[in-house]
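Labels below follow one simple rule: chain letters A, B, ... track the order of the sequence lines, proteins then strands, and each chain is numbered from 1.
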There are 2 protein chains.
Amino acid sequence: MSFFATHEELLDRAQRAIAERVYWSAYPESPSPKVWGEAAAPDGKAAFEALLGQDFPLPGSGARIAPEKSPFGIDLDVRYATTPAAELIANASAALPAWRDAGAQTRTGVGLEILDRLKGRVFELANAVHATTGQPFVMAFQAGGPHALDRALEAIAYAYVEMTRQAPTATWEKRGEVFTKTFHVVPRGVALVIGCNTFPTWNSWPGFFASLVTGNPVVVKPHPRAVLPLAITVQIAREVLAEAGLPEDVVQLAVDTREAPIASELALDPAVKIIDFTGSTAYGEWLEANARQAQVYTEKAGVNTVIVDSTDDFAGMCRNLAFSLTLYSGQMCTTPQNLLIPAGGVPTETGPKSFDEVVAGIKGAVEAITADPAKAVELTGAVVNEAVLDRIDAARALGDVVLDSRPLDHPAYAEATVRTPMIVSVKDGYDTECFGPVAFAIATASTEDSLTIFRKTVGAKGAITAAVYSTSEAVLDEVELAAQEVGVHLSENLTGGVFVNQSAAFSDFHASGANAAANASLTDGAYVAGRFRIVQSRRPAPAA
Amino acid sequence: MSFFATHEELLDRAQRAIAERVYWSAYPESPSPKVWGEAAAPDGKAAFEALLGQDFPLPGSGARIAPEKSPFGIDLDVRYATTPAAELIANASAALPAWRDAGAQTRTGVGLEILDRLKGRVFELANAVHATTGQPFVMAFQAGGPHALDRALEAIAYAYVEMTRQAPTATWEKRGEVFTKTFHVVPRGVALVIGCNTFPTWNSWPGFFASLVTGNPVVVKPHPRAVLPLAITVQIAREVLAEAGLPEDVVQLAVDTREAPIASELALDPAVKIIDFTGSTAYGEWLEANARQAQVYTEKAGVNTVIVDSTDDFAGMCRNLAFSLTLYSGQMCTTPQNLLIPAGGVPTETGPKSFDEVVAGIKGAVEAITADPAKAVELTGAVVNEAVLDRIDAARALGDVVLDSRPLDHPAYAEATVRTPMIVSVKDGYDTECFGPVAFAIATASTEDSLTIFRKTVGAKGAITAAVYSTSEAVLDEVELAAQEVGVHLSENLTGGVFVNQSAAFSDFHASGANAAANASLTDGAYVAGRFRIVQSRRPAPAA
């Protein structure tokens, strides 16, 4: 049975899901042994540990390097073979014709089989994501495994729909002339995926699979500190390609160091026609301005904003926000940063709360979930790099520190750098992204004023997420309209187990492409439609 | 009944057509009174003539200008009100919220109603296209009317599919938490359509309607010499908008002169987020490089190529090519330019023909259809501008003139500048587009050599069309593969009534976006998907 036939039912289901957008998931998000079997977790851990201190089994013509540095202080020392950029591009270009000619169905089947094998190594991946990103383990499992697999499947489903929205061939007849028309799906060229340190799989897989199944050989360039999850991805992809009798070089790993980066050389190569990037605004904008030969999809930084107008569940609001601020030490592109609260306070179910009381409520909720270090680190994880610490320090000078960030000892990892969230009450300086566990409480004149600030900062700097708390339908509608204007997805009155910084594949769009924080959404039609072209031929056919 | 309901069946049929891609057309292409009624043609002509020498009834705050100059010497003197660029943008921006909030269905209904009214004025439009472009009348009717309407409907169908591929709302439930999710289709901003002199409706309508129905107010900037067809379009659009209770400024006309052009000021305005352009490579590349705030769709110049390998219908091949070279004096972006013929000749059904005999065959066929000036002008039409004449003169110096271009007297228009096609046998200098009635016969070492030249010139300069003549399946397959590599649509063995320079809406893609001649196709998923974004909200809902 072909890979496509094996996974066709899953693909059909996923296609339905992206249209219906009700809750659906293809990969169980619980790491429980009841779901995965008793052996899965220990086996995955052992598989991960067996990779440490070794040469990673992927080819490369250059020297081996071990650029990773775990935020938990886990000693990784996985040595990856490097390959010069020009050689990677040449290999990819040589692999292109066979991959193109394999056709949409075969390519999609290969993509789906890769997903299936990634699922089979999900605990090994979870350990790799955990170790390289500083995410707490359960989050690394969920966001790095099942949720990322869902997002990848979503991208494949979109790409397959897009490639097959017209018949592959048609018999065209007019006034006795008959032609066979063939509509070839042709790739744009070589694709480059530039990974980030914080979400190596979740943020890279959608672009990787979207480019791949639409016929573009992909060079995967991980962040030098989060190579392993993508190295495993590339390893599995090459295995599947080889089994399908296709060139392994359809997928290659490009490893580099922060000191000798390779991304720009790859990005400017004339053969590179698609680039997916997640990371800093500066580098994303550089790519957009300079890699002009390529279709460039960027997710950059934004100023995620929460408008607090009123609530009928004050404790729920505070708990929900506190969780979002604390999760992975605010190192998510979706973490709220600016909390816009009327200076005159807000109505709640127990009467009015002053600005200070609202801030104190959120502060208290953060303190509650970070009080016990052993429990706290399972939310915060570790700080991914020094720059986050610098930003915490700098934020102290921006206003009144309502809640200070404090270091925690990680019970399992003595070397881990852990920080709890801080809340700073500020009057200005909140209009740029402060990536890390820093939230700004901003006293506004009114909810109308909050909306003005929201429109201004998000309009200028962009945002990946926004949230509002209000008991008034009119206010919710008004914020929803403003969110449309500045192009940001809006979460309303989250008080339970759904968080503004989490999007659900097959239902929620992640980023919109409609503001400065990202020029594309993961995942929609626009995200896949430009990754290939249709080239047609028309050949006379015998009359029917 | 709403506009949408009125036209929904047509939309459904068009959606099926873009998927199936067999022959289908929504608008009858014959100008016959049997189809349109006896009065349609004379009434349309009278309506056109009533516009001449008058103020065109569209608003504008600036001076009136009459920039058009008919290639037939028809005295137009239609005076259009100008409006400063900033004012057009301000008007469009003010109209955006109401147009966005009208929703996909209402906007699509408005688009379809505009098409219906354009159809009702199709003879008036045909006269306007004829007079401004120099197209012969029947071609102006077909390409400027029904075929352009088909292309427009195709764009609307693609846009509607794209906007509605996910449910507009969904109820999402997970572990007892229930949310109503709303997926808003939001426009990118103000759209600008920059028309060309030769095909004001056919080349502008797809982008116009694609931007329009996806929610973007559109500023239509016609070529100064071909304003009237688009002025009528804008007039009808504003009528329909007004009847629907929507702002007329959703569609505006921007008129300028060659001496004081307005396009660049419009294109660089930060509010302009989409630009559609058909025209010169130089200006298209300027837009791509400079209008960085916008999604830019360009159709530029290319080197359309024909590979002659062998044929079993020599006369049919010659007739077919002669027609393509002659139609509208080669002033189509799809007209073949380079004829690659082996120096050693080609096999035909009556035995081998030498290179010279092949060229002579095509020459003879051109002479046959241009011998009688009265018949010839109904194919050639008139020369659109002086630059075409200059290129004819320059081409004489490039090689051996096998067939010279000659002026013809137009029986109906004494002032018309008419030129027949020329064929020049050249050894080099054929690697850039020579827009106009100039074809180059190029003696190649072999069909393999022809393929090398094809890959090289089309790979470097792009092409909108390509054709091949061969009796060998293997050669056809090889050329089809090469065409995929350089991203050009290929027509094979055309000997009858289908011509390489004509594409059929709902079946043929026009341009591919896969080579330098155009960065997009009219019309596919990629052409519409980037014209809007999805911005979602999620609001708690009562449990089901």
Side-chain angles (χ1 to χ4, degrees), chain A residues 18-23 97 100 161-162 165-167 170-177 179 181-184 186 188 288-289 292 476 480 483-485 487-498 504 507-509 512-514 521 524-526 528-530 533-540, chain B residues 18-23 97 100 161-162 165-167 170-177 179 181-184 186 188 288-289 292 476 480 483-485 487-498 504 507-509 512-514 521 524-526 528-530 533-540:
Chain A
I18 58 174
E20 293 177 350
R21 304 201 86 82
V22 300
Y23 174 76
R100 175 193 65 211
V161 169
E162 201 63 32
R165 60 192 282 171
Q166 70 286 319
T171 301
W172 181 93
E173 181 164 6
K174 185 182 175 188
R175 290 195 211 107
E177 293 210 57
F179 286 84
K181 299 193 177 183
T182 308
F183 306 102
H184 302 282
V186 302
R188 298 296 294 269
E288 291 168 12
R292 302 292 310 286
L476 293 180
E480 202 164 317
Q484 288 182 62
E485 286 171 18
V488 65
H489 302 312
L490 180 69
S491 294
E492 307 176 20
N493 291 330
L494 300 183
T495 54
V498 171
S507 180
D508 294 325
F509 293 92
S512 68
S521 170
D524 64 8
V528 297
R533 296 301 191 195
I534 298 156
V535 176
Q536 77 165 78
S537 59
R538 45 186 188 182
R539 186 180 295 194
Chain B
I18 59 174
E20 295 178 349
R21 304 201 86 81
V22 299
Y23 174 75
R100 175 193 64 211
V161 169
E162 201 63 32
R165 61 191 284 171
Q166 71 286 320
T171 301
W172 182 93
E173 180 164 8
K174 184 181 176 188
R175 291 195 211 105
E177 293 212 59
F179 286 83
K181 300 194 177 183
T182 308
F183 306 101
H184 301 282
V186 302
R188 300 295 295 269
E288 291 168 12
R292 302 293 310 286
L476 293 180
E480 202 164 317
Q484 286 182 62
E485 287 171 18
V488 65
H489 302 313
L490 180 68
S491 294
E492 307 177 20
N493 291 330
L494 300 184
T495 55
V498 171
S507 180
D508 294 324
F509 293 93
S512 68
S521 171
D524 63 8
V528 297
R533 297 298 191 199
I534 298 155
V535 176
Q536 77 165 79
S537 59
R538 42 187 192 183
R539 187 180 295 193

Over all atoms of both residues, closest heavy-atom pair of [X] and [Y]:
X        : Y        : value
A:Ser507 : B:Gln536 : O-OE1, 3.8 Å
B:Val535 : A:Gly487 : CG2-CA, 3.7 Å
A:Val498 : B:Trp172 : CG2-CZ3, 3.8 Å
A:Arg188 : B:Gly513 : NH2-O, 4.4 Å
A:Glu492 : B:Pro540 : O-CD, 3.0 Å

- Task: Any chance you could measure B:Lys181, atom NZ, to A:Phe509, atom CZ, to the nearest 0.5 Å?
- Result: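 These two atoms lie 10.0 Å from each other.
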- Message: Let me confirm one number: the CD-NE2 distance from B:Glu480 to A:His184, rounded to the nearest 0.5 Å.
- Response: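 If I round to the nearest 0.5 Å, the distance is 3.5 Å.
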Below 4.5 Å from any heavy atom of chain B, which atoms of [X] appear? Answer side chain, backbone, both or neither.
X        : answer
A:Val186 : side chain
A:Val488 : backbone
A:Glu20  : backbone
A:Thr495 : neither
A:Ser521 : neither
A:Arg539 : both
A:Gln484 : both

- Is there a side-chain contact (heavy atoms from CB on, under 4.5 Å) between B:Phe183 and A:Asp524 once you walk through the steps? CA-CA 12 Å; B:Phe183 306 101; A:Asp524 64 8; over 6 Å; no
Looking at [options], which has the largest count of heavy-atom pairs under 4.5 Å with chain B?
options                                : value
A:Gln166, A:Arg165, A:Arg100           : A:Arg165
A:Ala170, A:Ala167, A:Ala19            : A:Ala19
A:Ala483, A:Gly530, A:Ala504, A:Gly497 : A:Gly497
A:Pro97, A:Ser537, A:Ala529            : A:Ser537
A:Leu476, A:Ile18, A:Asp508            : A:Asp508

- Among B:Lys174, B:Arg292, B:Glu162, single out the residue with the greatest number of heavy-atom pairs under 4.5 Å to chain A.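 Looking at each of B:Lys174, B:Arg292, B:Glu162 in turn, B:Arg292 comes out on top.
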- Report the option among B:Glu288, B:Glu177, B:His489, B:Arg538 that has the most heavy-atom pairs separated by less than 4.5 Å from atoms of chain A.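 Of the candidates given, the most pairs with chain A belong to B:Arg538.
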- Message: Between B:Arg21 and chain A, with a heavy-atom cut-off of 4.5 Å, which part of the residue counts as in contact: side chain, backbone, both or neither?
- Response: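 Backbone plus side chain of B:Arg21, per the 4.5 Å heavy-atom cut-off to chain A.
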